[in-house]
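A, B, ... follow the sequence lines: proteins, then strands. Residue 1 opens every chain. Heavy-atom basis, side chains included; hydrogens, waters and symmetry copies ignored.
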2 protein chains.
Amino acid sequence: MGVAERKERHKEDLKKDILTAAKQLFTEKGFEATSIRAIAEKIEYSPATIYLYYKDKNEIVHALHQDGFNLLMQHFSTIDFGQSAFSRLIALGKAYMQFAFEHPDVYTLIFSMKEPMQHVTDCEKEWHEGDRAFSLLYRTVEECKKEGYFKDLESVGLSFMIWSSMHGLCTLRTSGHLEHMATSCAEVTDLNMDVNTLLDHNFGTFIALLEKLKN
Amino acid sequence: MGVAERKERHKEDLKKDILTAAKQLFTEKGFEATSIRAIAEKIEYSPATIYLYYKDKNEIVHALHQDGFNLLMQHFSTIDFGQSAFSRLIALGKAYMQFAFEHPDVYTLIFSMKEPMQHVTDCEKEWHEGDRAFSLLYRTVEECKKEGYFKDLESVGLSFMIWSSMHGLCTLRTSGHLEHMATSCAEVTDLNMDVNTLLDHNFGTFIALLEKLKN
DNA sequence: AATTATTCTGAACAGTGTTTAGTATCTCCC
DNA sequence: GGGAGATACTAAACACTGTTCAGAATAATT
């Protein structure tokens, strides 16, 4: 039965090759430019072959979705767990934003597009990667409470608001809204700065805001 | 010269008809299903005719972008300006979220898609609608400070963080992430609720959070 | 070597945004 | 009223997209 095993291995290899090609095209040319035909050309197979390994494009996107989430968790793993819970919370936010900054397309894929999440609910699949990431945030918030922060504030709601504010900041950036505001808010307010300065400035306010919630 | 005027009027009418048809299809069938051919069919003209009135699809999207923003401002106009600045801030957040809830496609168009904003920067156009909306938030935050809120917090940064958290909440909802978390966060935490309850709960935490920032 | 099973592909379908060459209509001037 | 010219419109094509399916090429089994 050595033959069957070899074939099985080859099939799995090809399946991975498709994903690797998709990921490469995706990060190189962006999501819009990543077509089935382009993936097929990269692995030197016909477009129809891809459909023998993946049901449709959504299944490929979903696989990339999981990959992207592992990359995010990798960013989180660099955080020093020796420091205080509050410092860890700030570091978590920073790592999150840096991830969004370094991999804007991956970020959009895993947090803004509705197709991958639709695929999860459609196939009644679990999504442990996402749960784990939120759980990390939630537990950090809980530990912050032990340090005297966020008294009288409910942890789940607060965790979501922290996530939302970071997510909102990241998406406003990638959509170009923040860039517009950076140039035009000089008229509205009296500050004039570029996008990244504005982003840093806002994150600074975020920290200051959380710090004020001690006791 | 009555003829030339009549023709000019007719041209402008047709231009508006295209937009009306686009808006209708857009709200009825969503953005994905709104093709140039579908718009053409609705106004009973050939697809090529549309290109005599709009440079490309982005120009149509940009026009809808402006329309959508006026709709948002309309939602804001229902707010009672007699109440305190802090109450107005909360009402602003509520109106913003309700807008996103009632018109999810319009919300995605004006706040999540990057094409319309790209078009603004490409054509070096102004975007007064957006500036006005942010300015409204900014001024409300400033007035809240006079009422004793947000001491030692910088207004621009805080305005952006408030916007971000609301925007983040809205996009996490439309993308389906919140829906997933609502069902799976029972395992992570100990709460079990549906999407809308979770959304309300989070907004409640948001208010509680802001209230704690008095003095 | 012939049969069967597996793997792959060319071609097509129905859709997308967009361009161009050509037609039909309508206005103007003689 | 009839011919010239401007204007408005469209059929058809181009280059794409995701996806399907009949059939060809290859590999394994008898």
query = Under a 4.5 Å cut-off applied to non-hydrogen side-chain atoms, are B:Glu179 and A:Met117 in contact?
reply =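 SC-SC contact between B:Glu179 and A:Met117 ruled out.
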key: Difference in axis direction between the ends of the helix from C:dA1-D:dT30 to C:dC30-D:dG1, five pairs, 10°   =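 The end axes of the helix from C:dA1-D:dT30 to C:dC30-D:dG1 are about 30° apart, to the nearest 10°.
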Enumerate, atom names and distances included, each donor-acceptor pair closer than 3.5 Å involving a side-chain atom of residues 91-99 of chain A, sequence neighbours excluded.
from, atom 1, to, atom 2, distance (Å)
A:Tyr96, OH, A:Tyr107, OH, 2.7
A:Tyr96, OH, A:Trp163, NE1, 3.1
A:Gln98, NE2, A:Glu102, OE2, 2.9

query = Nucleotide by nucleotide, 5' to 3', does protein get under 4.0 Å of the base (B), only the sugar-phosphate (S), or neither (-) in nucleotides 4-16 of chain C, counting heavy atoms?
reply = --SSBBB-B---B
Side-chain polar contacts of residues 60-75 of chain A - donor-acceptor pairs under 3.5 angstrom, sequence neighbours left out - could you list them?
from, atom 1, to, atom 2, distance (Å)
A:His65, NE2, A:Ile110, O, 3.4
A:Gln66, NE2, A:Glu129, OE2, 3.2
A:Asp67, OD2, A:Lys23, NZ, 2.6
A:Asn70, ND2, A:Gln66, O, 3.4

Could you check how far [atom1] of [X] sits from [atom2] of [N], rounded to whole Å?
| X | N | atom1 | atom2 | answer |
| --- | --- | --- | --- | --- |
| B:Tyr51 | D:dC14 | OH | P | 17 Å |
| B:Glu115 | C:dG17 | CD | C1' | 13 Å |
| A:Lys55 | D:dC21 | NZ | P | 14 Å |

With a 3.5 Å cut-off and sequence neighbours excluded, list the donor-acceptor pairs that the side chains of residues 29-39 of chain B form with protein atoms.
from, atom 1, to, atom 2, distance (Å)
B:Thr34, OG1, B:Gly30, O, 2.8
B:Ser35, OG, B:Ala38, N, 3.1

For [X], what residues pass the side-chain contact (heavy atoms from CB on, under 4.5 Å) criterion, not counting sequence neighbours?
| X | result |
| --- | --- |
| B:Asp122 | B:Gln118 |
| B:Asn196 | B:Phe101, B:Arg173, B:Asp194 |
| A:Glu59 | A:Tyr54, A:Lys55, A:Asp56, A:His119 |

ask   = What residue pairs, at least two apart or across chains, pass salt bridge (Lys or Arg N to Asp or Glu O under 4.0 Å) with a residue in residues 105-121 of chain A?
value =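 Sorted result for residues 105-121 of chain A: empty, none.
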